[in-house]
2 protein chains.
Amino acid sequence: MEKDLTTEAKIKEAATRVFIAKGFNGCSSREIAKEAGMNVALVNYHFQSKGHLFEVVVATVMEEFVFSMIDVFKSDLPLISKTRIFIEKEYDFLSKHPDIPGFIINELGKKDKTFFERINFIDQIRETKIYDEVHAAQEKGEVRKMDMTSIMLLMMGNCHFPFMAKPMIQTIQCIDDKTYQNQLTLHKQYVTEMLVNYLFPTNK
Amino acid sequence: MEKDLTTEAKIKEAATRVFIAKGFNGCSSREIAKEAGMNVALVNYHFQSKGHLFEVVVATVMEEFVFSMIDVFKSDLPLISKTRIFIEKEYDFLSKHPDIPGFIINELGKKDKTFFERINFIDQIRETKIYDEVHAAQEKGEVRKMDMTSIMLLMMGNCHFPFMAKPMIQTIQCIDDKTYQNQLTLHKQYVTEMLVNYLFPTNK
DNA sequence: CAAAAATTTAAACACTTGTTTAAAATAATT
DNA sequence: AATTATTTTAAACAAGTGTTTAAATTTTTG
């Protein structure tokens, strides 16, 4: 699996796995070290503390998390296509990293705000000019007039929630992993249709 | 605030607050005892262990959580009204208990499945015959034909996510609590319209 | 190749964890 | 009022926590 990685990279990889699976408080430095196959002291030698290692991990995960979004925002496509591709890419990404949205929302809800602001993904999104583009389209009547917050909630909620709520829904519906995965493929289509219809009322 | 509660009730109340705010691993038995204003040993005297106390708390929270849902499902109203009232009641409940959905989804995602099954809210939902009602309406063409899992994901995702993602959205959008709360009131309207339009295509 | 720097190790540090014990205080019963 | 049962307390327990230390090892440098 992992080949010629540096010690630092190995620790970071292991920490990412463990932190995402168990949360900051749900694991110990020793568990991370063991997962990386090394001594406990190395964790604090390369990263100064468990807390700092966590910040490094979160920053990297967040970057990965917004990377595909940013990519779609920057593309030279009409908003309706961006919407479709955004959903498609989100479901792709989340199929590979289903625990990331829950991890981000949970762990960051408990940390202070300065921690959040140290990770500058806000500017990254704003730099894509997606806000201006949406606003312009709203003025032209192509996009339903609603606050950007609501648009984000609709898009992210319908993309992320199905992955976050997997254990709960699986229990309620008594379905296995395979069935749920298939259901998600269907759901992606529903979500796309629903959101496109609602956000672009003049379309079709 | 709390008046003439029994020791047991005081501990359970304090534990509920602390568990929801910090999670099972994010707090200690001593913190719960302190929050309840009592000795540590009392926690284990009245509840056998931290783990057992947690189970009791989760069971109670879950009950509260599904109570209003169940109530709507059982009511003698057309499905479209049930949908509207469901959303209304969910936003009401979540405004008062914004941390509960995140708590349930997070903490239960980490526990084993037997733990989940010990809380029998699944049967409670099934007993309302809501599944049969939806299925019948689908046969009559009143409700869009899609799996119950997707309907649940759409309903819950659009109700719960805005509360779960509050810290994240607030940071991205740079808005305070009051503004976010107002935004949620607006968002509820959008969600209602979007879901009703999508789930009941023949309507209007 | 020898000296210096960087890395890795095992052991210990002080502290917190969940839980238990046995004595003290309170309440209930006879 | 005396005895029993219940509740509460402070103290202790072993195990685990994040972190540090100082020695051993490896790598880099001159």
Side-chain angles (χ1 to χ4, degrees), chain A residues 2-61 103 106-108 110-112 114-115 118, chain B residues 2-61 103 106-108 110-112 114-115 118:
Chain A
E2 63 216 21
K3 291 182 270 185
D4 50 354
L5 290 166
T6 66
T7 306
E8 210 168 294
K10 275 190 207 164
I11 293 171
K12 197 174 151 187
E13 262 202 6
T16 306
R17 279 195 300 274
V18 177
F19 277 143
I20 289 180
K22 307 196 171 186
F24 181 74
N25 290 314
C27 69
S28 67
S29 302
R30 280 167 181 81
E31 187 178 351
I32 292 167
K34 201 176 178 182
E35 174 83 11
M38 354 202 121
N39 194 288
V40 205
L42 274 178
V43 174
N44 278 12
Y45 174 76
H46 287 280
F47 306 84
Q48 298 97 66
S49 67
K50 187 194 177 187
H52 183 251
L53 173 57
F54 183 70
E55 289 202 21
V56 172
V57 165
V58 170
T60 309
V61 170
F103 172 69
N106 285 303
E107 296 296 325
L108 299 192
K110 287 164 193 165
K111 300 277 169 186
D112 56 297
T114 62
F115 176 83
R118 248 169 284 159
Chain B
E2 63 217 20
K3 294 180 269 187
D4 52 353
L5 290 165
T6 67
T7 307
E8 210 168 296
K10 276 190 208 165
I11 293 172
K12 197 174 150 185
E13 263 201 6
T16 306
R17 278 195 300 275
V18 177
F19 277 144
I20 288 180
K22 308 195 171 189
F24 181 74
N25 290 314
C27 69
S28 67
S29 303
R30 279 167 181 83
E31 186 178 352
I32 291 167
K34 200 176 180 183
E35 174 84 9
M38 356 202 118
N39 193 289
V40 206
L42 274 177
V43 175
N44 278 11
Y45 174 77
H46 287 280
F47 305 85
Q48 299 97 65
S49 66
K50 187 192 176 188
H52 183 251
L53 173 57
F54 183 72
E55 289 202 20
V56 172
V57 166
V58 169
T60 309
V61 170
F103 172 70
N106 284 304
E107 296 296 325
L108 299 192
K110 287 164 194 164
K111 300 276 170 187
D112 56 296
T114 62
F115 176 82
R118 247 169 285 159

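Side chains are part of it too, since the values below use all heavy atoms of this structure and drop only hydrogens, waters and symmetry mates. Per chain, numbering begins at 1; letters A, B, ... match sequence-line order.
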Review point. Between B:K50 and B:V43, is there a donor-acceptor pair closer than 3.5 Å when you use the side chain of the first and the backbone of the second?
Key: no

Practice item. Return yes if some donor-acceptor pair links the side-chain N/O of B:K22 with the main-chain N/O of B:S28 below 3.5 Å, else return no. Key: no

Rounded to whole Å, please give me the gap between [atom1] in [X] and [atom2] in [N].
X     : N      : atom1 : atom2 : answer
B:E8  : D:dT7  : CD    : C1'   : 12 Å
B:K34 : D:dT9  : NZ    : C1'   : 17 Å
A:L42 : C:dT9  : CG    : C1'   : 8 Å
B:F47 : C:dG18 : CZ    : C1'   : 16 Å
B:N25 : C:dT16 : CG    : P     : 18 Å

**Study point:** Nearest non-hydrogen partners of A:G23 and A:E107, listed with the distance
**Key:** CA-OE2, 3.2 Å

Revision key, fill the gap. What one should report as the nearest heavy-atom pair of A:K12 and A:V57 is O-CG2, 4.2 Å

Review point. Should A:T7 be listed as having a side-chain N or O under 4.0 Å from OP1 or OP2 of C:dT7?
Key: no

Review point. Any side-chain N or O of A:H46 under 4.0 Å from OP1/OP2 of C:dT8?
Key: yes

Point to revise | Letter per nucleotide, 5' to 3', of nucleotides 12-27 of chain D [B base touched, S only sugar-phosphate touched, - untouched; heavy atoms, 4.0 Å] | key: B----BBBB-------

Roughly how far, to the nearest 0.5 Å, is [atom2] of [Y] from [atom1] of [X]?
X     : Y     : atom1 : atom2 : result
A:T7  : A:H46 : OG1   : NE2   : 5.0 Å
A:N39 : A:R30 : CG    : CZ    : 9.5 Å
A:I11 : A:N44 : CD1   : CG    : 9.5 Å

Point to revise | Net bend of the helix from C:dC1-D:dG30 to C:dT30-D:dA1, end axes of five pairs each, nearest 10 degrees | key: 10°

Review point. Any idea how A:F54 and A:F103 line up, ring-wise: parallel (<30°), tilted (30 to 60°), or perpendicular (>60°)?
Key: perpendicular

